[in-house]
Amino acid sequence: MKKIEAYIRHEALETIRERLAAMGLPSMSVSEVKGSGRQKGFTESYRGSRTTIFLRPKLKLEIAVNDDDVERVTDVILEESHTGQPGDGKIFVLGIEQTVRVRTGERGPVVLEAHSEG
Amino acid sequence: MKKIEAYIRHEALETIRERLAAMGLPSMSVSEVKGSGRQKGFTESYRGSRTTIFLRPKLKLEIAVNDDDVERVTDVILEESHTGQPGDGKIFVLGIEQTVRVRTGERGPVVLEAHSEG
Amino acid sequence: MKKIEAYIRHEALETIRERLAAMGLPSMSVSEVKGSGRQKGFTESYRGSRTTIFLRPKLKLEIAVNDDDVERVTDVILEESHTGQPGDGKIFVLGIEQTVRVRTGERGPVVLEAHSEG
Amino acid sequence: MEAVAIDTVWVAVAGCLVLFMQAGFATLEVGFSRMKNAGAVMAKVLINLSFAFFAFWAIGYALAFGDGNDFVGATGWFIDLGNPDGVESLSYTGVSEEIKFFFQATFAAVTLAIVWGSMLDRVAFRAYLPFAIAFVGVIYPIVVHWQWGGGWLLKNGFQDFAGAGVVHVCGATAALAGALIVGPRIGKYRDGRSIPIPGHSMPLAILGVLILWFGWQGFNAGSWFAAVDQDIGRVLVVTNLSGAAGVIGGLIMSRVLLGTMDIGMMGNGAVAGLGAAAGASGFVDPWAGAIIGLSAGMLMVVLVIVVDRLRVDDPIGAVAGHGGGGFVGLIGTGLFANAAGVEALGGREGLLVGGTAEQLGWQLIGFGAIFGFTFVTTAIVFFAIEKTIGLRASEDVEIQGLDIAEHGMFGYPEQFIEVFGASSDDAIPGISSPSGTSTNER
Amino acid sequence: MEAVAIDTVWVAVAGCLVLFMQAGFATLEVGFSRMKNAGAVMAKVLINLSFAFFAFWAIGYALAFGDGNDFVGATGWFIDLGNPDGVESLSYTGVSEEIKFFFQATFAAVTLAIVWGSMLDRVAFRAYLPFAIAFVGVIYPIVVHWQWGGGWLLKNGFQDFAGAGVVHVCGATAALAGALIVGPRIGKYRDGRSIPIPGHSMPLAILGVLILWFGWQGFNAGSWFAAVDQDIGRVLVVTNLSGAAGVIGGLIMSRVLLGTMDIGMMGNGAVAGLGAAAGASGFVDPWAGAIIGLSAGMLMVVLVIVVDRLRVDDPIGAVAGHGGGGFVGLIGTGLFANAAGVEALGGREGLLVGGTAEQLGWQLIGFGAIFGFTFVTTAIVFFAIEKTIGLRASEDVEIQGLDIAEHGMFGYPEQFIEVFGASSDDAIPGISSPSGTSTNER
Amino acid sequence: MEAVAIDTVWVAVAGCLVLFMQAGFATLEVGFSRMKNAGAVMAKVLINLSFAFFAFWAIGYALAFGDGNDFVGATGWFIDLGNPDGVESLSYTGVSEEIKFFFQATFAAVTLAIVWGSMLDRVAFRAYLPFAIAFVGVIYPIVVHWQWGGGWLLKNGFQDFAGAGVVHVCGATAALAGALIVGPRIGKYRDGRSIPIPGHSMPLAILGVLILWFGWQGFNAGSWFAAVDQDIGRVLVVTNLSGAAGVIGGLIMSRVLLGTMDIGMMGNGAVAGLGAAAGASGFVDPWAGAIIGLSAGMLMVVLVIVVDRLRVDDPIGAVAGHGGGGFVGLIGTGLFANAAGVEALGGREGLLVGGTAEQLGWQLIGFGAIFGFTFVTTAIVFFAIEKTIGLRASEDVEIQGLDIAEHGMFGYPEQFIEVFGASSDDAIPGISSPSGTSTNER
Ligand SMILES: Nc1ncnc2c1ncn2[C@@H]1O[C@H](COP(=O)(O)OP(=O)(O)O)[C@@H](O)[C@H]1O
Ligand SMILES: Nc1ncnc2c1ncn2[C@@H]1O[C@H](COP(=O)(O)OP(=O)(O)O)[C@@H](O)[C@H]1O
Ligand SMILES: Nc1ncnc2c1ncn2[C@@H]1O[C@H](COP(=O)(O)OP(=O)(O)O)[C@@H](O)[C@H]1O
């Protein structure tokens with residue numbers, strides 16, 4: 001079981017979610033982060049004082065999947081998030097040692113199996 | 001050392017925190033995420049246009065613990081978050097390679113030892 | 001490749017980012033979390049009812065780096081976040097199995113190499 | 001002719017100010033509401049304002065001011081512009097019947113707004129229409145008739161210049177009955193303790209107080225129904241000293257009893273002081289206004305605590321603010337009413353400025369009558385609504401928030417990361433979901 | 001002398017209330033805007049109010065009210081205080097030329113504010129100046145002249161008491177032309193569907209409606225330009241019943257047609273009802289006001305849907321609210337105008353109260369003339385702006401948000417975690433960045 | 001009799017508008033404050049309004065308007081309703097002593113509100129009471145007495161119609177002294193650079209400006225203390241052209257000097273233009289009002305930069321807006337005052353409309369006197385407060401935010417994920433914590 005963490009542009013989320021759901025993997029958690037990277041900051045100005053904001057808003061996706069699904073999920077994210085401009089983001093894959101579904105108490109890979117939405 | 005990441009309903013947080021604190025493990029980090037999973041989306045409507053929101057607000061708990069504590073912390077989360085309805089959430093356990101307490105510079109399992117609150 | 005997760009005081013972010021950028025590592029993601037730990041809660045009062053808030057706002061830094069950079073990044077965070085007071089925070093290091101740069105599709109350690117800002 | 005025009009302008013302006021108090025109630029209440037109910041609060045204020053105008057136009061005005069007996073009026077339905085004389089009880093002022101109605105309708109809307117303030121975050125939208133008809137159409141008008149409609153309270157010398165009793169005590173009493181019947185918000189009282197469920201915006205809440213303060217100038221000083229030969233300056237000075245003293249009283253008691261400088265208590269102190277001035281400002285000297293306002297602000301804090309101890313969940317302090325303020329305004333008039341006020345408006349001088357205890361007694365009787373009548377009648381109405389169409393939103397709706405559950409939308413839409421899906425025109429917004437059920441879920 | 005002073009006080013107060021409607025437009029619009037454009041909306045309202053005062057002072061007032069022909073006026077530039085008689089078209093009221101200008105200038109500013117409401121979230125700041133000059137300086141004044149300036153509509157008995165046509169239809173028509181030419185927001189229409197892009201704050205939006213409601217009292221009841229011998233009470237009653245009925249009409253149709261109790265629709269219902277009353281309130285009885293308001297609120301919902309189906313993206317419903325309301329106000333006057341109103345203000349009685357169809361016909365002609373003239377002229381102006389300096393913000397700017405891209409700052413700065421870096425005085429805020437380009441990025 | 005009633009209605013309405021400016025200051029200031037101090041700002045406005053009424057009632061009014069010498073008055077304590085003649089300096093108007101007090105008390109509250117605007121985010125609550133007593137009770141009344149109380153400035157022909165100097169320069173000067181003594185916010189000036197610490201809500205800030213704009217109509221046009229035979233229309237036109245020009249001036253200079261279209265600068269431009277009109281609007285023609293407003297808006301931007309370069313941290317631009325505006329209003333009057341204004345109000349015609357330089361000289365002397373006296377006296381008071389009970393909140397409190405640290409609550413409670421624990425009634429809210437200390441922590 002792996003955890004995919006992707007930092008992406010807001011615009012990409014909708015199609016990523018749609019494609020993953022179509023693949024039976026609608027499960028994910030999304031949050032807002034501020035990111036800095038190769039993309040430049042921008043300048044903010046109030047009453048004449050000026051500052052550079054180095055952090056830009058990004059979305060962070062967290063998607064736990066079974067080992068077999070890592071590649072295809074990564075590919076979907078890559079395809080939909082790619083614009084070729086700095087700021088497209090990064091994807092990290094981490095290992096998961098244990099998984100539990102709270103509703104049923106089930107543990108292990110079964111929890112992350114693909115299923116039809118709803 | 002393990003990192004427990006749990007995506008749960010807001011309602012469960014208070015008792016989880018109380019029980020863990022009573023166990024000498026008050027330390028955690030909490031954030032808001034939006035999650036999609038087996039739980040259905042809901043419909044939003046503005047001036048006649050309508051859309052389905054697939055992401056529902058959840059709380060994410062991050063709790064770093066020593067290996068011995070993984071089970072009992074997981075159990076507490078399971079017990080308090082369980083309602084039996086879709087949307088109860090999931091728990092993931094990841095490995096931690098190094099831990100540092102910023103205040104003292106201490107490293108390793110000592111940082112995550114149970115202690116009395118305050 | 002490692003993922004450094006640090007829970008720190010807001011005040012420390014600016015210098016941490018500056019120093020890491022100077023080292024060629026400007027890349028990171030930042031979010032707000034609420035944390036509980038050894039630091040005490042505080043009391044809130046509305047119209048005579050009173051409650052203790054156990055969660056205090058912290059910043060969470062997520063910084064993916066190559067193995068060689070783990071120590072020096074950790075040191076920067078330690079130095080800049082340290083005040084000696086409870087609430088200084090903690091740093092966790094997790095393993096990353098795969099890394100992808102969305103803009104180019106590149107994978108592996110090359111993605112996390114130090115570079116000059118801009 | 002010109003004198004009438006002057007009075008007309010003044011009363012029209014004053015009525016506009018009272019109308020604008022709706023914006024004050026809206027912002028005050030939304031500030032003290034949870035974020036998930038913010039849109040519903042605004043919708044509530046809009047629709048109740050609308051219902052109030054219609055209910056008061058159709059029947060309320062006639063029952064309140066129409067010619068009738070000591071208990072209720074019975075002429076002037078739909079204002080009755082065919083009758084050139086208009087209602088007798090307001091014939092002391094030369095302004096037109098429409099101006100009288102306009103000014104009084106804004107009062108009715110204020111009274112209705114006070115009622116719902118105590119029941120934030122948990123009332124079903126469908127309850128508003130029947131209650132508005134019953135309250136603005138019948139209950140409040142009867143209370144009005146007793147005093148301003150020439151009924152038994154007025155005849156016995158009960159004094160209530162701009163409605164400390166008729167508006168504020170009446171509204172607060174209904175608010176108390178409603179909060180009792182609808183019950184506390186989920187999670188408010190646990191393990192015998194009162195848990196704070198703070199509103200979401202102090203800036204909006206106190207902006208509401210400042211808007212109310214502004215509108216209250218018209219509420220009190222407009223109640224002469226005239227500007228020529230009437231001392232509107234005195235009313236304005238008493239009103240503002242009383243409101244200012246209320247803030248200070250609220251602050252002092254908050255510090256003493258609660259150990260904090262509670263922001264909401266300062267705002268409520270203003271409400272209490274201004275509400276007290278509604279009773280007293282036509283009758284008393286500025287210094288008495290200051291004493292009355294200070295007492296009102298201080299009593300209000302005590303009442304907030306008492307109401308909470310009684311496990312009545314009033315998120316905005318409507319009962320304490322308007323009820324406590326109104327009560328102090330009535331008592332204060334019985335204590336401090338001076339000769340000039342009595343000459344212009346009737347009643348007897350207050351106990352402490354050379355009068356007898358009789359006036360104070362009638363002030364207490366009037367308070368008791370308004371409280372008792374309003375409490376019993378509104379309790380019956382709330383109870384009947386609860387037993388029929390339902391007064392309280394379901395637990396699911398309350399947890400989800402009234403905005404998405406009742407209105408299918410969010411009050412602050414961008415607090416949510418939106419991932420749009422296919423629009424499904426068959427879905428019922430916020431209640432069922434495109435595939436499957438979403439009851440009681442977050 | 002004193003009569004003039006009374007009229008002056010009333011019209012001055014009414015003008016202040018109309019001026020305050022700008023705060024209503026600002027909060028209403030900002031509530032329906034995206035968070036990233038919140039600051040730009042406020043800047044827009046401020047600057048358009050400022051431009052409106054100057055454009056109307058320099059030329060608008062003269063074209064509107066000056067002595068001229070049936071189509072346009074030509075005296076009174078810069079008010080022309082040297083002319084002791086002032087403009088002839090307003091000589092029926094004794095108030096000073098400055099008071100006339102002040103009151104009318106606030107109307108011009110309202111009309112301009114209506115226009116931009118339909119184009120939220122995507123207009124470039126630079127477009128405001130040329131449009132304000134063309135619209136407040138020329139187009140709107142010509143429409144005004146036809147009616148209130150003594151032009152051909154007035155001479156034919158077209159009735160429009162406070163501007164249902166002159167202000168609300170005119171403003172809404174320009175709003176329609178503008179929304180058509182500027183095009184929908186990015187992402188509004190996709191795959192043949194209309195995607196909701198909700199504003200960010202219902203509390204601010206409905207606070208805006210309540211402020212407008214307050215200001216509308218002056219808008220309508222001030223339009224007598226007098227208080228002595230004029231029935232301002234009637235106007236106030238009709239206005240409020242119509243506004244209240246508009247809320248109810250909006251709610252009903254929202255429930256019936258959309259299956260929700262849309263909060264924005266209730267607010268828009270108030271706008272439609274109050275806008276309808278602008279036409280009718282000097283002419284009709286209260287009961288007719290209620291019917292007119294209800295119709296306006298109901299029609300408005302239908303128009304919102306129609307406008308959306310036509311793929312015209314009007315985030316605030318300005319076209320439906322002001323246009324639909326204004327239309328109903330004109331028609332309603334043609335149906336319900338009574339003898340008293342006609343005697344005081346001219347025209348003929350309405351069809352349903354014993355009049356002939358002629359008045360109704362002229363109401364339709366007037367509506368058509370205002371709609372047609374405004375649509376064509378403003379479309380030309382918008383088109384010219386788009387082709388020269390540009391009407392629409394660039395795609396990058398729209399995505400980034402007008403606040404940071406056009407004003408170099410955020411409307412809600414603390415929604416962002418700030419990490420400050422070296423201030424770089426050579427950077428152009430929000431557009432280029434310290435090193436490198438930040439186009440079309442988040 | 002009726003003339004007095006007309007004047008009374010006008011002045012009462014104008015006073016209500018000025019009172020409502022408090023809501024404008026509150027929203028403007030809260031918009032420019034940090035989120036963590038939002039509740040404290042609202043509490044501040046409420047309590048200072050309250051203190052102002054009492055301080056001005058008890059002693060301020062007597063020192064300002066009472067019969068005395070050229071420097072200070074000494075009759076009319078607590079208004080003194082026993083004296084049928086009232087204070088002599090205001091005997092030119094027939095309205096009652098209470099109306100005079102009410103109107104002037106709202107001015108005193110405005111002046112006090114201006115002062116604290118420059119010191120957002122860092123003042124300890126306990127400082128408000130002593131300063132309010134000193135400033136509204138003594139310092140401001142003395143300045144008032146020099147001019148409106150019949151003192152030495154008036155006798156020498158210094159012109160200040162509605163308080164460009166008496167209110168706006170006086171308030172801004174105290175704001176400057178206070179900001180100097182309290183020092184900049186933590187982190188404002190670092191490494192020799194000025195770091196922006198933006199407020200948290202432009203919508204609230206500009207809503208505040210629009211509320212102020214509305215209230216300013218009463219501020220300026222009410223200052224005739226009469227409506228009969230006085231040209232309130234002229235004042236309204238000059239006020240609005242000046243305010244509008246101020247916005248434009250602020251925008252132009254922001255674009256030229258700062259390279260941005262700063263939203264706050266446009267709002268401040270309105271404040272500067274309206275503040276300038278406070279001085280000039282009774283004296284000058286509309287075209288002069290436009291020039292004055294434009295100059296005020298432009299100067300304001302320069303002053304914001306200068307104040308910032310001097311390392312005086314004024315988050316809201318109170319010094320630049322009110323001080324710059326007031327200064328231009330005084331000078332503009334000295335340049336453009338016309339015969340009509342001078343005839344009605346005294347003084348001499350302005351330099352550029354055929355007068356002599358003498359008037360301009362006295363305008364400068366008046367400005368200097370008000371500035372000097374206010375600066376020295378308020379600096380002493382601020383210094384004394386700082387050295388005794390403390391003017392500035394502790395560093396811990398400032399970092400935590402005034403809301404939680406001073407008031408034990410949050411201004412926006414739901415910005416925080418709440419995890420409730422046992423309520424501990426012995427804890428002191430926000431300061432100590434249930435077990436252990438929470439000083440200087442986040
Ligand atoms: N090493 C990293 N650790 C954590 N987050 C990162 C890292 N690199 C990038 N990110 C996240 O990805 C976002 C986009 O990164 P950026 O460097 O601009 O893209 P790229 O270099 O691929 O063009 C950043 O804003 C940040 O949120
Ligand atoms: N595979 C996953 N990866 C990341 N987060 C998940 C995953 N599955 C579930 N979640 C989180 O848990 C929440 C509840 O999941 P849901 O699928 O509705 O519960 P269940 O299937 O256990 O009934 C989701 O809203 C999401 O935040
Ligand atoms: N075991 C943990 N798991 C997750 N987050 C933690 C943990 N311990 C600490 N934190 C985070 O670090 C922050 C500071 O921790 P705290 O215990 O107050 O510091 P310390 O004990 O080092 O003085 C917490 O508010 C929380 O966000």
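Numbers restart at 1 for each chain; the letters A, B, ... are given by sequence-line order, proteins then strands. Predicted model, so just to flag it, every value in this text is computed and none were measured.
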Using heavy-atom distances under 4.5 Å, tell me whether C/Ser36 contacts chain B through its side chain, its backbone, both, or neither. both
Examine whether an atom of B/Leu94 lies under 4.5 Å from a heavy atom of chain C, and if so say whether it belongs to the side chain, the backbone or both; otherwise answer neither. side chain
Taking only heavy atoms into account, what residues of residues 62-80 of chain B are found under 4.5 Å from chain C? B/Glu62, B/Ala64
Euclidean distance, C/Asp88 CG relative to B/Arg101 CZ, rounded to 0.5 Å: 10.5 Å
Heavy atoms only: give me the nearest B/Ser27-C/Lys90 pair and the separation to one decimal. OG-NZ, 3.9 Å
Distance from B/Ser31 atom OG to C/Lys34 atom NZ, nearest 0.5 Å? 10.0 Å
Who among B/Lys3, B/Glu106, B/Lys60 has the most heavy-atom pairs with chain C under 4.5 Å? B/Lys3
Starting from the C-alpha separation in whole Å, work towards a yes-or-no answer on side-chain contact (heavy atoms from CB on, under 4.5 Å) for C/Phe92 and B/Leu112. CA-CA 11 Å; C/Phe92 306 120; B/Leu112 302 177; 4.0 Å; yes
B/Leu25, part contacting chain C, at a heavy-atom distance under 4.5 Å: neither
Specify the closest pair of heavy atoms between C/Lys2 and B/Glu97, including all atoms of both residues, with the distance to one decimal. NZ-OE1, 2.7 Å
Nearest-0.5 Å distance that lies between atom CZ in C/Phe54 and atom CD in B/Glu18: 7.5 Å
